[in-house]
Amino acid sequence: MKRVVVGLSGGVDSSVAAYLLKEQGYEVIGLFMKNWHDDSVTISNECPWLEDSNDAMLVAEKLGIPFQVVDLSEEYKERIVDYMFREYEIGRTPNPDVLCNREIKFDVFLKIALELGADFVATGHYCRKGIIENNGKETYQLLAGKDANKDQSYFLCQLSQEQLATTLFPIGELTKPEVRQIATDLDLITAEKKDSQGLCFIGKVRLPEFLQQKLQPKEGVIVQIPNEAPVFNRSKTKFESKEEELAYKATKYEYHLNDGKVVGKHQGAHYFTKGQRKGLAVGGTVEPLFVIETDVDENIIYTGEGKNHKGLYRNVLFVNNDEIHWVREDLVLKDGQQLQVKARIRYRQALENATIYKMSEGLYVEFENQQSAITEGQFVAWYQDDELLGSGVIS
């Protein structure tokens, strides 16, 4: 009998995942990960880990499976929290959920599970795993979940063949309402529980306060750049090569103080991210202001009025060689090769037509349509049909 360790988070998805595995004849063990908890920045009554671990324990009891709590807070602090501070400090916007899957759930947690003699680990993610024969050996596919509204393949975009080999996604073939129905029929305590928001397993965190623990407040100015600013008048059309064109289009606009007018003050450019609208506290404009760029060296936030502002849009982005990741290692592009794909730059975004080009210093993603708020530090993931082939950090 194969043994599976399931990450029970105290939510409905992982509860039903555990039940389905048991039904399929696996020997199931439930493990709750305590990741990191700092009461000074969590919004206290939202999703405290104690309540979640208690719910997970009750689910395990109900299903008749062994249960334990593992404390991963040290690893979590090192690999996720410190990474977030580092990224914000250099003016990038991290994605802790993607990292949490790569570094915690499918690395630290996976190793603990294998030490417990597990053949597989399982999670309550809405995605599926496919297996294809490739030159006589098995290649694993990461496929979108059946529920298009809940597909979470994007969050798993950094997984490797080794990680996929030992992973199961029991609810990938189901929709959220079907999962809730199963939990209701089983009378599980988590059946009606609302989906967790916020940082993977930490619950809701007050981001500015969280960042201020490490990153000191520093007053600076907010500058509004008009849509007709000369900085947007770059329309080069003649290029020596495709690479030159891509490099040109992937370059972001460079703003200076005198390109616009000072409309307010802020407490630190590193607390803001591109595309952000809340927290600027500047009135007097017809449409709301959006952050179009942050300059952490000069401590200036550049903004534009309205969500269609030119400063928000580009259609090419670049990924450095050391930040390119292929789930499908057999499909890696060589320099000079290109591939038609569909891609997204954030979790809830619909897939967009794009072409990826591998060049000597990295990989370009050229979208058919302009994309709003391409943000450094976030992940771009590329697909064919419903298969996620690879991903990279936007540079």
Side-chain angles (χ1 to χ4, degrees), residues 36-44 76-99 198-200 202-226 229 231-232 251-285 287-307 309-312 314 317 320 323 346 372-379 393-395:
W36 177 71
H37 199 69
D38 178 341
D39 286 321
S40 65
V41 291
T42 26
I43 299 169
S44 53
Y76 193 88
K77 185 184 175 313
E78 254 167 51
R79 297 197 194 190
I80 310 300
V81 179
D82 293 350
Y83 145 81
M84 287 181 68
F85 286 130
R86 270 197 316 276
E87 290 281 287
Y88 277 111
E89 212 155 11
I90 59 171
R92 301 212 308 186
T93 305
N95 191 320
D97 292 301
V98 172
L99 257 274
L199 288 186
C200 145
I202 304 183
K204 287 194 172 161
V205 166
R206 294 194 187 91
L207 208 56
E209 280 97 324
F210 171 71
L211 293 171
Q212 273 161 7
Q213 299 183 332
K214 254 306 211 318
L215 310 175
Q216 292 307 309
K218 189 165 79 175
E219 190 173 274
V221 293
I222 299 173
V223 175
Q224 181 181 352
I225 305 286
V231 66
F232 299 125
T251 308
K252 50 189 201 174
Y253 295 109
E254 285 246 344
Y255 304 106
H256 302 98
L257 257 178
N258 52 9
D259 289 332
K261 60 174 197 234
V262 173
V263 291
K265 291 204 161 87
H266 62 80
Q267 290 307 306
H270 43 264
Y271 301 142
F272 288 82
T273 176
K274 225 180 283 193
Q276 183 173 334
R277 195 182 86 195
K278 295 193 172 78
L280 285 167
V282 175
T285 54
E287 287 191 82
L289 291 184
F290 288 82
V291 176
I292 57 174
E293 192 57 70
T294 59
D295 181 340
V296 290
D297 300 325
E298 297 293 323
N299 199 31
I300 298 171
I301 293 175
Y302 292 101
T303 61
E305 185 178 341
K307 61 174 188 293
H309 191 275
K310 281 181 189 154
L312 285 171
R314 291 214 311 271
L317 61 85
N320 284 313
E323 297 191 301
R346 51 183 70 89
S372 173
I374 291 176
T375 307
E376 296 94 291
Q378 292 280 301
F379 290 84
V393 182
I394 299 171
S395 79

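Along the sequence shown, the residues carry numbers beginning at 1.
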Nearest 0.5 Å, please: how far is [atom2] in [Y] from [atom1] in [X]?
X	Y	atom1	atom2	value
Tyr302	Lys274	OH	NZ	13.0 Å
Ile292	Lys252	CD1	NZ	11.0 Å
His309	Leu289	NE2	CG	9.0 Å
Ile301	Lys265	CD1	NZ	13.0 Å
Tyr76	Leu99	OH	CG	9.0 Å
Thr285	Gln224	OG1	CD	6.5 Å

Non-hydrogen side-chain atoms of [X] and [Y] separated by less than 4.5 Å:
X	Y	value
Asp295	Tyr255	no
Glu219	His266	no
Glu298	Leu257	no
Leu280	Ile222	yes
Ile394	Ile374	yes

N/O donor-acceptor pair under 3.5 Å between [X] side chain and [Y] backbone:
X	Y	answer
Tyr83	Asn95	yes
Tyr271	Leu215	yes
His270	Gly91	no
Glu323	Asn320	no
Gln378	Thr93	yes
Asn299	Lys218	yes
Thr303	Phe290	no

For [X] and [Y], which heavy atoms make the closest approach, and how far apart are they?
X	Y	value
Thr294	Phe272	CG2-O, 3.8 Å
Lys278	Gln276	O-NE2, 3.0 Å
Pro226	Asp259	CD-O, 3.6 Å

*List in chain and number order the residues that pass side chain to side chain donor-acceptor pair (under 3.5 Å) with Thr375, two or more places apart in sequence or in another chain; answer none if no residue qualifies.*
none
*Kindly determine whether Glu287 and Lys307 satisfy salt bridge (charged side-chain N to carboxylate O under 4.0 Å, His left out), including the steps that lead there.*
CA-CA 8 Å; Glu287 287 191 82; Lys307 61 174 188 293; 5.6 Å; no
